Amino acid sequence: NQWKPALTMWLSTAVVAAMISIATADEWVKPAGLPDGHNGGVLERLTKPRGDRKPHLMFVLFDDYGWANAGWHRNYTAPGGEHVPATSEVQTPNLNQLVDVGINLNRAYVYKYCSPTRSAIQSGRNPYHVNPLNLDPAVANRSDPVSGFAAVPRNMTGIATKLAAAGYKTFAAGKWDAGMGTVDHTPHGRGYQANINYFHHANDYWSSVTGGCKKTAPPGPPVMCRKSYNPNFCLGPAPMLPSTPAAPNPVWVNTPEECCGACSTTEGCKGWAFGKSTKGPKFACNMKSSAGPTNEGNCTSGCRYGPCKSGMTPIVDLWQRPLDGSREGPAHGFNSTCDASNRPGDPGSNTQCVPGPNGDHRYDGYEDALFEEHVFNFVQQHDPADPMFLFWAPHTVHAPLEVPPSFFQKFSMIAPTDRHGSSRQLYHAMVNFADAAVGNVTALLKEKGMWDDLVIVFSTDNGGPIYANGTAGANNYPLKGGKMNNWEGGIRGNSFVSGGFLAPSVRGTVYEGLVTAWDWYHTFSALAGVDATDHRAALANLPPIDSFDHSGLILGTTLVSPRTELPIGTEPRASNLTNAPLCNSYMQTEYYGDVRLGGADKAPPPPTSGRCTTVAGLIVDEGTAGLWKLLTGDVQQDVYTGPHYPNSSTNEVSNNFVGHCSDGCLFELRSDPLEANDVSAANPSRVAAMRTKLMGYEATAFNPHRGVDDPAACEMAEGQYGGFWGPFVFP
């Protein structure tokens with residue numbers, strides 16, 4: 001009974017005609033400010049707004065934001081009795097102020113990493129019903145023109161389309177990561193009348209470059225490099241590729257680039273170490289049969305594990321539709337030109353970058369300053385008489401850790417205890433920069449008289465990353481685990497609602513009801529006065545929305561969450577659920593397509609035998625009978641950090657700590673928010689009942705074959721787009 005991927009690209013003429021006929025009699029409308037035929041020509045049904053007026057709506061989505069990196073999660077006693085000390089390292093005064101006059105959502109949940117949460121927010125679905133994978137946006141499966149792409153299937157309706165139908169002016173800025181394959185996958189294709197964004201999981205904060213395309217082979221030996229190379233880790237004792245007479249190992253080279261080239265042309269080579277050992281003037285190039293960051297063993301002084309750029313054309317990821325709607329395409333002239341791999345001075349600085357003529361000039365071309373500027377301009381030009389929907393997703397605090405030097409120096413007090421590479425100092429400086437940006441925009445909204453009619457939703461897309469030996473900089477103390485896994489540190493997110501539209505009775509409160517990032521789809525629809533049902537998806541036989549309406553909380557009419565259950569998704573993983581699909585029915589691919597994550601921290605492909613699931617856990621709120629969480633299978637990052645993580649003593653691979661929950665680990669989260677006590681053995685009937693519920697959710701899981709890297713993405717990037725990423729499948 002799994003959902004089947006739809007194979008019809010466009011709605012039939014007969015179906016659209018039927019929808020138009022219905023609209024004539026039942027208040028169905030076209031989304032405003034969008035081209036004819038938008039969203040397949042499907043109309044939206046208007047309803048009565050839940051409040052006495054339509055509020056302005058602003059969704060701020062931080063990236064990789066750790067629990068302990070939020071000011072309102074400092075200097076307090078956490079549930080369970082763990083005291084979280086105050087620290088001058090965490091400086092979020094503007095966000096703190098919004099929490100103080102808003103609702104602190106203490107049980108807000110997200111997916112364990114980026115693209116699934118972002119797909120869920122835009123589509124109103126639990127990730128296992130829309131996208132449980134972090135695929136590279138350049139993948140496609142041409143045999144499935146609806147669901148054969150990364151992220152959100154083509155025929156699902158975006159929240160901005162809903163709000164445009166209700167008369168909202170819609171704008172998006174920042175990280176998108178919800179699809180790129182077709183014009184339907186762009187922010188404009190999902191209902192944003194104007195936008196500036198990047199499509200991938202991350203890019204460089206100064207140059208906006210991410211990834212690359214193969215150049216025509218230069219004269220001489222071929223040099224090609226795999227995307228999985230990463231410059232930030234040492235190979236250490238990774239196993240050597242066996243030496244043969246035809247392919248000796250090590251080989252002797254002059255430069256790391258030659259070593260990279262030798263690896264790329266040697267069958268079975270996954271990585272390389274450019275080492276101390278010498279033979280005459282040459283250096284040893286040790287080719288490895290596996291490659292991943294490690295903290296065991298000794299690394300040679302010149303150990304490299306990184307992207308050799310020979311043979312690759314770097315591609316910029318920045319896309320724009322300006323407020324005047326005059327064009328849509330690459331944002332030429334907005335990114336900085338720089339050598340992103342060799343910058344002297346402060347870590348994360350931009351001393352070799354020149355801002356683009358249209359880019360940010362306050363902070364020398366910093367990307368998050370560019371996004372802030374465009375958000376500011378949108379608000380400044382907006383007529384307060386029209387309802388506004390602003391989706392703002394700063395790059396902060398995702399890697400690479402880069403920040404303007406003035407903010408980096410503000411946190412110099414961290415340096416004496418920081419780990420090598422200054423990751424904690426960089427991370428806190430980036431959070432402070434983004435906090436200031438939110439403060440600037442909030443002040444403008446108040447100045448324009450929009451505060452009293454404003455609802456601000458703030459969330460992270462996942463917990464803070466504690467992987468890669470602390471190089472990502474985040475901290476989820478005192479919660480267990482982090483990004484990439486389903487412990488509370490990975491999926492319980494920093495979140496709040498604020499704004500003058502909130503009922504006075506709920507301002508300054510802490511809400512303990514279950515809320516998810518995808519619940520705002522239904523909530524915003526209810527506040528705006530538009531039916532949340534996804535009619536286009538229903539016609540294409542795609543899963544319906546999983547979103548619950550929390551407008552009663554905002555209006556102060558109810559303090560009881562309509563959500564009592566939360567299925568917890570995952571990329572395909574081994575499972576003993578008897579109705580889970582066979583593992584070999586899933587595509588074998590890299591489920592987390594991020595070049596900055598390697599080795600033990602990557603999400604592996606599923607086993608080739610047995611059963612695998614994309615629904616790995618369940619939270620059930622039984623009120624006074626408990627808040628229960630069931631996890632199944634192996635769960636990595638079964639580890640806790642300290643109040644000042646990472647630091648000079650940090651030396652671990654978090655994924656080496658594994659919780660074995662094949663039959664189910666059970667936690668009562670109100671009494672045990674740190675997931676320290678597995679009570680499954682004492683509650684066999686509860687475990688059995690929750691596993692039965694889990695099997696019911698598994699039966700509706702949505703797992704189309706999304707494809708592989710499509711060469712058309714590079715053809716468009718290097719051709720029509722002039723060195724920028726963008727849609728590559730037409731029509």
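Note that the structure is predicted; figures quoted are calculated from it, not measured.
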Tyr192 ring center within less than 6.0 Å of Phe389 ring center: yes
Check: His188 and Pro35 side chains under 4.5 Å, non-hydrogen atoms: yes
For the pair Trp319 and Tyr721, evaluate side-chain contact (heavy atoms from CB on, under 4.5 Å) and give the outcome as yes or no after the intermediate values. CA-CA 10 Å; Trp319 190 261; Tyr721 297 146; 3.8 Å; yes
Below 30° counts as parallel, above 60° as perpendicular, anything between as tilted: where do the rings of Phe496 and Phe458 land? parallel
Check: Thr157 main-chain N/O paired with Asp534 side-chain donor or acceptor under 3.5 Å: yes
Checking Ser525 side chain against Ala532 main chain: does a donor-acceptor pair fall under 3.5 Å? no
Contact between Ile121 and Trp520 at the side-chain level, heavy atoms closer than 4.5 Å - yes or no? no
Closest heavy-atom pair, Val506 versus Leu553, reported as atoms and distance to 0.1 Å, is CG1-O, 3.6 Å
Side chains of Pro55 and Phe524, heavy atoms from C-beta outward: is any pair under 4.5 Å? no
For Val29 and Ala165 the tightest heavy-atom approach is CG2-O, 3.5 Å
Between Arg50 and Asp549, is the closest basic N to carboxylate O distance under 4.0 Å? yes
Under 3.5 Å, is there a donor on one side chain and an acceptor on the other for Tyr198 and Glu367? no
From CG (Asp368) to OG1 (Thr396), nearest 0.5 Å: 3.5 Å
Would a distance-only check, ignoring hydrogens and angles, find a side-chain to backbone donor-acceptor pair under 3.5 Å from Asp317 to Asn203? no
Spell out, as yes or no, whether a donor-acceptor pair under 3.5 Å connects the side chain of His129 to the backbone of Thr700. yes
In sequence, state the C-alpha distance, the side-chain angles, and the governing distance for Arg573 and Thr632, and then conclude on side-chain contact (heavy atoms from CB on, under 4.5 Å). CA-CA 10 Å; Arg573 288 197 171 207; Thr632 64; over 6 Å; no
Verify side chain to side chain donor-acceptor pair (under 3.5 Å) between Ser208 and Asn335, making sure each step is shown before the conclusion. CA-CA 6 Å; Ser208 298; Asn335 64 302; 5.3 Å; no
Under 3.5 Å, is there a donor-acceptor pair linking the side chains of Asn494 and Thr460? no
For the side chain to side chain contact (heavy atoms under 4.5 Å, CB included) test, which of Asn703, Val708, Leu135 pairs with Met587? Leu135
Would a distance-only check, ignoring hydrogens and angles, find a side-chain to backbone donor-acceptor pair under 3.5 Å from Arg154 to Asp184? no
Lys54 (side chain) donor-acceptor with Ala166 (main chain) under 3.5 angstrom: yes
Which heavy atom of Ser123 sits nearest a heavy atom of Met156, and at what distance? CB-SD, 4.3 Å
Can you confirm whether Gln720 is buried at CD, in the sense that more than 12 heavy atoms of other residues, nucleotides or ligands lie under 6.0 Å from that atom? no
Backbone N/O of Asp386 and side chain of Asp383: donor-acceptor pair under 3.5 Å: no
Passes ring pair (Phe, Tyr, Trp, His ring centres under 6.0 Å), Trp28 versus His535? Steps please. CA-CA 11 Å; Trp28 292 68; His535 305 286; 4.7 Å; yes
Check: Arg563 and Val515 side chains under 4.5 Å, non-hydrogen atoms: no
Dump the intermediate steps for ring pair (Phe, Tyr, Trp, His ring centres under 6.0 Å) on Phe371 and His395, then the final yes or no. CA-CA 9 Å; Phe371 295 145; His395 192 162; 7.9 Å; no
To the nearest 0.5 Å, what is the distance between CG (Asp519) and OH (Tyr109)? 13.0 Å
Taking C-beta and beyond as the side chain, do Thr210 and His201 meet within less than 4.5 Å on heavy atoms? no
Ring centroids only, cut at 6.0 angstrom: are Trp518 and Tyr111 within range, meaning strictly under it? no
Centroid-centroid under 6.0 Å between Phe171 and His382 rings: no
Distance from Phe378 atom CZ to Leu323 atom CG, nearest 0.5 Å? 7.0 Å
Are any non-hydrogen side-chain atoms of Val441 and Trp392 less than 4.5 angstrom apart? yes
Please test Tyr511 against Ser561 for side-chain contact (heavy atoms from CB on, under 4.5 Å), starting from the C-alpha separation and ending with a verdict. CA-CA 9 Å; Tyr511 185 62; Ser561 174; 3.1 Å; yes
Taking every non-hydrogen atom, the tightest pair across Val110 and Asn462: CG2-CA, 3.5 Å
Between Glu571 and Tyr586, does the side chain to side chain donor-acceptor pair (under 3.5 Å) criterion hold? Intermediate values first, please. CA-CA 10 Å; Glu571 69 283 338; Tyr586 296 95; over 6 Å; no
Taking atom CE of Met58 and atom CG of Leu454, what is their separation to the nearest 0.5 Å? 6.5 Å
Gap separating the OG1 atom of Thr170 from the CG atom of Leu163, nearest 0.5 angstrom: 8.0 Å
Any non-hydrogen side-chain atom of Arg45 less than 4.5 Å from a side-chain atom of Thr47? yes
Is a side-chain N or O of Asn134 found less than 3.5 angstrom from the main chain of Ser115, in a donor-acceptor match? yes
Which pair of heavy atoms, one from Ala150 and one from Arg706, lies closest together, and at what distance? C-NH1, 4.3 Å
Please answer whether the main-chain N or O of Thr578 pairs with a side-chain N or O of Glu698 as donor and acceptor at a distance below 3.5 Å. no
For the residue pair Asn126 / Thr516, report whether a side-chain donor-acceptor contact shorter than 3.5 Å exists. no
Counting distance only, does the side-chain N/O of Ser547 pair as donor-acceptor with the main-chain N or O of His522 below 3.5 Å? yes
Looking at Arg536 and Glu44, does any basic side-chain N land under 4.0 Å from a carboxylate oxygen? no
Assess whether atom NZ of Lys30 is packed by more than 12 heavy atoms of other residues, nucleotides or ligands within 6.0 Å. no
Rounding to 0.5 Å, atoms OG1 (Thr613) and CG (Asn579) come to a distance of 7.5 Å
Which heavy atom of Asp531 sits nearest to which heavy atom of Lys162, and what is that distance? O-NZ, 2.8 Å
May I have the step-by-step check of side-chain contact (heavy atoms from CB on, under 4.5 Å) for His705 and Asp144, ending in yes or no? CA-CA 8 Å; His705 193 301; Asp144 183 355; over 6 Å; no
With heavy-atom distances below 4.5 Å as the criterion, would you say the side chains of Arg125 and Phe702 are in contact? no
One thing to verify: whether Asp710 and Arg142 come together as a salt bridge, which I'm taking to mean a side-chain N less than 4.0 angstrom from a carboxylate O. yes
